[in-house]
2 protein chains.
Amino acid sequence: MRRDVFQAIADPIRRDIIELLATETLSVNEVAEKFKISRPAISKHLKILNECGVIKFNQIGRVRLCLMQPQKLIPAFLWINQYNKLWENRIDSFENYINELQTKNEKK
Amino acid sequence: MRRDVFQAIADPIRRDIIELLATETLSVNEVAEKFKISRPAISKHLKILNECGVIKFNQIGRVRLCLMQPQKLIPAFLWINQYNKLWENRIDSFENYINELQTKNEKK
DNA sequence: TATAAGTGTAACCATATGGTTACGCAAATA
DNA sequence: TATTTGCGTAACCATATGGTTACACTTATA
């Protein structure tokens, strides 16, 4: 099984967990409470996130704190970002098209 | 099954297909030739990419051209990009830590 | 018109994913 | 010490993924 950042963010629940952990460090139970699915299901997602390196655990007594490792998102950012020129050009040409339409209408 | 941009880019083969189609429009066979896996396997990946909206097909006779739809990557970009302050701060604080170490060493 | 080329898809397979309930165990607490 | 709390994980299930080979169909070509 693939254990990289792209796998980590492929699941919507895992993206929501990341969103939570971006602002605060939470225990496993605290994360689980935020979702409707069972605690073991959340545990599995946390395990995958950990194996993908996106979160780290910090065990304090019987409490396991989940810490986000935001640097691990960078490769995904870089991969997607290499195409932004591509979609910007698309949007530019769309805007040009809109502008053209407007110019035509103004002429009428 | 989830059919969104995050699902599209979760698989390394699909990311490679996107990389190919970013620079040129290729037929299904032309895409398949670039990989070691079978043509039906590539067909499946192309189908998923299409269902995720990341590519479009343009049928010309018996040839099916695959066109990238780069705007569909934008939601993934935006999602990841919301965390760049987070990892930049991490890197900043790492750099500060390095700088501190260097300053300490210089004082010795 | 017979054949080749380009492609989809069915059938199959092994494994992964994403969920559940049930249970166990260590740490904290009464 | 007995009980509660926090959590992992096993066992199970349904479905998805990612690959294969075999076959069918349409379009182009000889």
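Just so it is clear: chains get the letters A, B, ... in the order the sequence lines come, proteins before strands, and each one is counted from 1.
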Exercise for review: Take atom CD1 of A:I60 and atom C1' of D:dT5, then tell me their distance rounded to the nearest Å.
Suggested key: 16 Å
Review point. Going by modelled atom types, is there a donor-acceptor pair between the base of D:dT26 and the side chain of B:R62 at under 3.5 Å?
Key: no
Point to revise | Atom of B:W79, atom of A:I9 and distance for their closest heavy-atom approach | key: CZ3-CG2, 3.8 Å
Review point. Across the strands shown, which category fits A:Q7 at heavy-atom distances under 4.0 angstrom: base, sugar-phosphate, nothing?
Key: sugar-phosphate
**Study point:** Distance, rounded to the nearest Å, where A:I48 contributes CD1 and D:dT9 contributes P
**Key:** 13 Å
Exercise for review: Starting at atom CD of A:E30, determine the distance to atom C1' of D:dT5, rounded to an integer number of angstrom.
Suggested key: 13 Å
Study note, to complete from the structure: Sequence neighbours excluded, the answer for side-chain hydrogen bond (donor to acceptor under 3.5 Å, both in side chains) partners of A:D11 is B:R2
**Study point:** Separation between CG of B:L21 and OH of A:Y83, rounded to the nearest 0.5 Å
**Key:** 9.5 Å
Check your understanding: How do A:N29 and B:G61 order along DNA chain D: which one's closest nucleotide is nearer the 5' end?
Key -> A:N29
Check your understanding: For A:E33 and D:dC7, what is the distance between atoms CD and C1' respectively, to the nearest whole Å?
Key -> 13 Å
Exercise answer: donor-acceptor pairs, residues 32-49 of chain A side-chain atoms, under 3.5 Å, sequence neighbours excluded:
unit_1, atom_1, unit_2, atom_2, d
A:S38, OG, A:A41, N, 3.3
A:H45, ND1, A:R14, NH1, 3.1

Point to revise | Nearest-nucleotide 5' precedence on DNA chain C, A:S38 against A:R3 | key: A:R3
Review point. DNA chain C: B:R64 or A:I37, which has the more 5' nearest nucleotide?
Key: B:R64
Point to revise | Test side-chain contact (heavy atoms from CB on, under 4.5 Å) applied to B:I55 and B:I17, B:L65, B:T25, B:N50, the passing residue | key: B:N50
Point to revise | DNA chain C: 5'-most and 3'-most nucleotides touching chain B, 4.0 angstrom heavy-atom criterion | key: C:dA4 to C:dG18
Exercise for review: Write down the distance between CD1 (A:I42) and P (D:dG8), rounded to a whole number of angstrom.
Suggested key: 12 Å
Study note, to complete from the structure: Separation of D:dT9 atom C1' from A:H45 atom NE2, nearest Å, is 16 Å
Exercise for review: Could you pull out the closest heavy-atom pair between A:S27 and A:C66, with the gap in Å?
Suggested key: C-SG, 4.4 Å
Study note, to complete from the structure: Nearest heavy-atom approach of A:G53 to A:K72 is O-CG, 3.0 Å
Review point. How is A:R2 classified with respect to the nucleic acid when contacts are heavy atoms under 4.0 Å: base, sugar-phosphate, or nothing?
Key: sugar-phosphate
